[in-house]
Amino acid sequence: MPSNDIPHVHVKLFGLFRLDTGLHELDAQARRVKDLYPVLLREARAGNPATTITRADIDGCVVLVNGKQSKKSTKLSEGDTVYLMSPVCGG
Amino acid sequence: MATSYSGYMGKVLELDLTTRTAKEYPWTDEDRRLYIGGKIMAAKILDGMLTGHEDALSAENPVVISTGPLTGTGAPCSSRFNISALSPQTGIVASSNCGGTFGYHLKKAGLDALVIRGACETRSWISIENGEVEFHDAEADGVWGLRVTPAQERIEELLVQKWGARRAFGQLVIGPAGENLVLYAGVTSDERAAGRTGLGAVLGFKNVKGIAVFGNHEITVADPVRNAAWNKRFFKTLREHPLTGKQMPRMGTPGLVSPMQMRGMLATRNFSAGRFDAFDKVSGETLAEEANVANRGCVSCPIRCSRTVELDGQLVKGPELETLGLLSANIENDDLNVVLRLNHALNELGMDTISCAGTLAWAMEANERGLWECGLSFGSAQELEGIIEDIAYRRGIGADLADGSKRLARKYGGEEFAIQSKGLELSAYEPRRAVGMGLGYAVSNRGGCHLNGGYLVIMEGLGLFCDPQTPKAKADMTMMFQDLMEATAAAGQCLFSTYVFFPSMLITRPRGLVTTVVNKAAPHVGWALRAINKFPRAVHMHMPILPHTRSFEYATGMKMKMGDFMRSGERGYTLERYISQRFGISAKDDTLPKRLTDTPQDPADPTTKVPLDELKQTYYEARGWTPDGRPKVSTLQKLKIV
């Protein structure tokens, strides 16, 4: 159970990741971008059990936090918006 | 003039519209070796006809419609054909490439190319059956005045009546925009368009509404067994590649809207910004989820990039990335349905979506600045369908808009935000976040074109991520990609087939070690690219990243290693420039509007503008041109142009 001091962020998804899973956006708690990845993988598999998306695919995503290019190690703050785009779509 | 090479039909037909006569145009095997086909072949033919005094909208402007040796041989993505002539937008040699079935059927009719001279005295359409030409009265036949799809349907109806049966044939037509000499009118074959550079107006001036081709000649290949086996492998490579096997089939070119937004290169509000807040309402993902009902592809194409959408109960062609970006973000329209409607209207009226959308964006800004009170404004796209119709028929403000942004800016002011180069409006990639693409737009032979400009965005953020702001190595990369794409197009293949140039791993693992090394190293290998560009014999071999050369050899029987292929591309590129010099083109014309070269996209980051002067000089050096942008005599001799 995430604790309350972990930032709440809004995640929007793009690229084949979104088309394969039907997952457009979700709210999550994470201290860094990479902490979102297990959540995304879980939600992706829940959205489409047959998805071939792997952790490595998510690792390769292009990341924007509040419109700025970011890395998986980027720290998140309360209320941030995170854009994640699957790599084949413009890595 | 028969040929010893397979793949070619061995005949080029010269058609004089004024006298309504046809004869064979002399084209030798030596010409085929040097100029391959398609746009390079067309450039060589135009080189012998243009003196520098011709006007695009005149009977003296020759039109060359040419195929490549791979067209119809079963090679993947090989349905392309090319149209070259003087462009009414740029006033210099232009080429426009098209899918559809016309190229294939031109070869079935026994022809590699058509050379069209003069002008018809009356409104006409032309049919060519197994090389025999017949002129038809386009007005009496009810073809003149029709939009693109009804015109194609009417021509088919007339031919079926004549034949007494349905047959497979190819045709190209112009729409009302071409008839009314809109400077950016296109030419359409099936649902594909040779959209750019206004060649529809050139045919319209010549009173040619359409050309239909039919024949039952056999297209032979030199080594059928190896050709079939290699093409099977080539198809497999395309199907397994992440761009051509996944990305393009799922989203088509619109799939690039989101990555362009992420990279800050989605042209927004007439290129004053690189991101559009409402981009997801018009993204490739949204198009795929909400509007796309089917994919379509050209003959012998495994990619099937074309979108089909439903509009008013009809299935119609969906927008390409350029159209989607320029009719949404660039005019601040977030209504996908409006984009679909405008795209369909432009296609049916026979107009280049890029130039029309770029002109509308200029007009919106000019209106808001009080330079030209035309009533158009950003964010108000609903009324544009009527405006587009007015452009096609040159009514009201449409008469001005039909001349494009360069001429409008000369008339009303606002040249610094007329987003064009040499008179051709830029595509949807904002080059201040991809400076190599900025160079490409400026030096491109046909004006502000992303493809003829080398498409460096694929290295600068839409595939790889080599520092998009550095000018380092960009000139040499631009030359290399321009030449490779020039040769690919000349062979008759779609440029999307060159995506296999990028190993899958580089695309799917953008943070992998190899990709990271490539991204970091690329700006430092300009010297190596320069050496390869200068001495392409160094790559006198077939390379796995370029399967095209083996397809070429097995189809034609002509030796064509990677180095030969690059040199052919260089020859074509330089030849077009050499011809355009006669019309006064030099470094002064390789420009971008000041907005892109003088104003940083991000005011806090001075690197977010295109350092064009520096890039141009390196580019001219790489090409063996003078600092004034003219091919040196030694370069022309090396390429056997003179």
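Naming: A, B, ... by sequence-line order, numbering from 1 per chain. Owing to the predicted nature of the structure, the values given are computational and were not obtained by experimental measurement.
- The side chain to side chain contact (heavy atoms under 4.5 Å, CB included) search around B:Pro471 returns B:Pro611, B:Glu614, B:Leu615, not counting sequence neighbours.
- Of the two parts of B:Thr515, neither the backbone nor the side chain holds a non-hydrogen atom closer than 4.5 Å to a non-hydrogen atom of chain A.
- Of the inter-residue distances, the one linking B:Met248 atom CE with B:His241 atom NE2 reads 11.5 Å to the nearest 0.5 angstrom.
- Put simply, the side chain of B:Asn519 does not reach to within 4.5 Å of the side chain of B:Met459, judged on heavy atoms.
- Contact count versus chain B (heavy atoms, under 4.5 Å) is highest, among A:Lys72, A:Arg18, A:Lys12, for A:Arg18.
- Heavy-atom distances place no part of B:Phe502 under 4.5 Å from chain A, backbone and side chain included.
- Residues forming a side chain to side chain contact (heavy atoms under 4.5 Å, CB included) with A:Asp57 (at least two apart in sequence, or on another chain): A:Ile53, A:Thr54, B:Arg509.
- For A:Leu64, the part sitting under 4.5 Å from any heavy atom of chain B is the side chain, from C-beta outward, and nothing else.
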